[in-house]
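This one's a predicted model, so the numbers in the text were calculated from it and none came from an experiment.
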Amino acid sequence: MGFFHGKNPKETSRLKKLLKLALSRLAIVRRPRLTRRSICRNDVGQLLSLGHLHRAILRAEQVIEEDNMLQAFDIIELHCNRLIEHAKQLDKPRECSEDTMEAAAGIMFAARWCGELPELLLARSILEGKFGSDFAATAKEGTSIVDPMLVWKLSGDKTNMELKKKVTKEIAAENNISEFREAIDQDDTGSIPYC
């Protein structure tokens with residue numbers, strides 16, 4: 001089955017260093033995403049105030065994308081912290097708690113989606129050596145033990161019209177633009193006319 005290989009304390013120490021570096025980098029990569037999300041939300045509000053409902057809904061897709069990545073970063077941060085705290089368990093993979101295995105699988109899955117965090121790729125190869133290729137293959141696919149919320153945030157459908165309408169309505173409410181909240185509610189087809 002290729003599951004649960006032996007202990008290697010040096011690899012565990014290296015993994016902890018990589019995860020700590022990833023945590024440091026997370027703080028850095030969040031900033032531009034927060035800025036882009038803020039700019040996108042402001043753009044949606046301005047487009048709505050100018051009467052460009054269709055364009056506002058299209059721009060809401062970028063708001064969703066930034067929100068999803070920020071929420072994925074939060075989950076990755078939790079997984080990194082969990083693996084750092086329970087690093088000794090990684091020397092005996094058969095004795096790992098389900099939470100530690102979920103964190104390992106989450107890091108392995110996220111490595112593919114987060115080019116901004118190259119440390120995760122190196123961490124994935126160390127974890128694969130500890131847990132085996134079968135576990136790694138399952139984790140990379142985002143099935144089984146990987147947190148479904150992380151999978152959805154990184155690989156989910158960001159073009160879902162209902163979700164874009166919901167975000168646009170929220171921004172319209174924040175900016176007190178009631179006529180578009182009603183227009184969004186009235187359009188059940190997903191084919192809002194281009195403004």
Side-chain angles (χ1 to χ4, degrees), residues 1-6 8 11-12 14-34 36-37 40 60-87 89-167:
M1 186 169 160
F3 198 66
F4 301 124
H5 293 234
N8 188 340
E11 288 293 304
T12 303
R14 184 169 175 243
L15 176 66
K16 282 176 66 173
K17 289 177 185 173
L18 286 169
L19 294 174
K20 287 178 182 177
L21 187 56
L23 288 171
S24 298
R25 194 179 304 268
L26 268 171
I28 295 167
V29 298
R30 269 191 182 108
R31 284 186 221 130
R33 292 232 178 233
L34 287 165
R36 283 195 298 265
R37 180 182 67 178
C40 291
E61 186 174 330
Q62 291 172 317
V63 173
I64 294 165
E65 186 176 323
E66 296 303 333
D67 277 341
N68 283 348
M69 278 308 290
L70 288 165
Q71 291 168 7
F73 287 162
D74 291 342
I75 296 169
I76 292 167
E77 181 177 17
L78 290 172
H79 288 335
C80 287
N81 284 324
R82 184 173 295 141
L83 289 176
I84 291 168
E85 290 171 16
H86 302 288
Q89 286 184 9
L90 297 174
D91 287 334
K92 298 177 183 174
R94 293 179 198 269
E95 298 174 16
C96 283
S97 67
E98 192 172 314
D99 287 346
T100 303
M101 290 179 69
E102 180 183 333
I107 294 299
M108 294 170 112
F109 176 77
R112 173 177 139 201
W113 294 91
C114 298
E116 298 161 306
L117 303 168
E119 300 82 11
L120 296 185
L121 284 172
L122 298 170
R124 179 174 73 186
S125 65
I126 293 170
L127 290 168
E128 184 173 352
K130 290 188 173 294
F131 288 95
S133 58
D134 291 345
F135 181 84
T138 302
K140 290 175 190 176
E141 292 171 11
T143 56
S144 187
I145 198 163
V146 180
D147 180 355
M149 184 59 76
L150 180 63
V151 174
W152 186 78
K153 292 297 178 183
L154 290 175
S155 62
D157 182 14
K158 293 150 185 81
T159 61
N160 180 306
M161 183 55 83
E162 289 305 313
L163 187 55
K164 288 193 283 189
K165 285 180 181 183
K166 179 182 176 208
V167 169

Requested in this report: With side-chain contact (heavy atoms from CB on, under 4.5 Å) as the test, would you mind laying out the steps for M69 and C114 before giving the verdict?
Outcome: CA-CA 9 Å; M69 278 308 290; C114 298; 4.2 Å; yes
Here the gap from L117 atom CG to L122 atom CG, rounded to the nearest 0.5 Å, amounts to 11.5 Å
Rounded to the nearest 0.5 angstrom, the CD1-CE distance for I145 and M108 is 11.5 Å
To the nearest 0.5 Å, atom CG of L120 lies from atom CZ of F109 at 12.0 Å
Rounding to 0.5 Å, atoms CG (L83) and CG (L78) come to a distance of 11.0 Å
* Do T138 side-chain atoms and T143 backbone N/O form a donor-acceptor pair below 3.5 Å? -> no
Residue pairs meeting side-chain hydrogen bond (donor to acceptor under 3.5 Å, both in side chains), one or both in residues 102-119, sequence neighbours left out, come to R25-E119, R33-E116
When rounded to the nearest 0.5 Å, the distance separating CG of L154 from CE of M149 is 11.5 Å
**Asked** Taking NZ, NE, NH1 and NH2 as the nitrogens, is one of them in K140 or E128 under 4.0 Å from a carboxylate oxygen of the other?
**Response** yes
Here the side-chain hydrogen bond (donor to acceptor under 3.5 Å, both in side chains) pairs for residues 76-87, sequence neighbours left out, are R30-E77
Sorted by chain and residue number, the side-chain contact (heavy atoms from CB on, under 4.5 Å) partners of I84 (sequence neighbours excluded) come out as K16, L19, K20, L23
For V63 and C40, the nearest pair of non-hydrogen atoms, with its separation, is CG2-CB, 3.5 Å
Run the side-chain contact (heavy atoms from CB on, under 4.5 Å) test on R37 and L34 for me, step by step, so that the C-alpha distance in whole Å, both residues' side-chain angles and the decisive distance to 0.1 Å come before the verdict. CA-CA 5 Å; R37 180 182 67 178; L34 287 165; 3.4 Å; yes
* Do D91 and K130 meet the salt-bridge criterion of a basic N to acidic O distance under 4.0 Å? -> yes
Contact between C96 and F131 at the side-chain level, heavy atoms closer than 4.5 Å - yes or no? yes
Separation between CD1 (I75) and CD1 (I107), nearest 0.5 Å, reads 11.0 Å
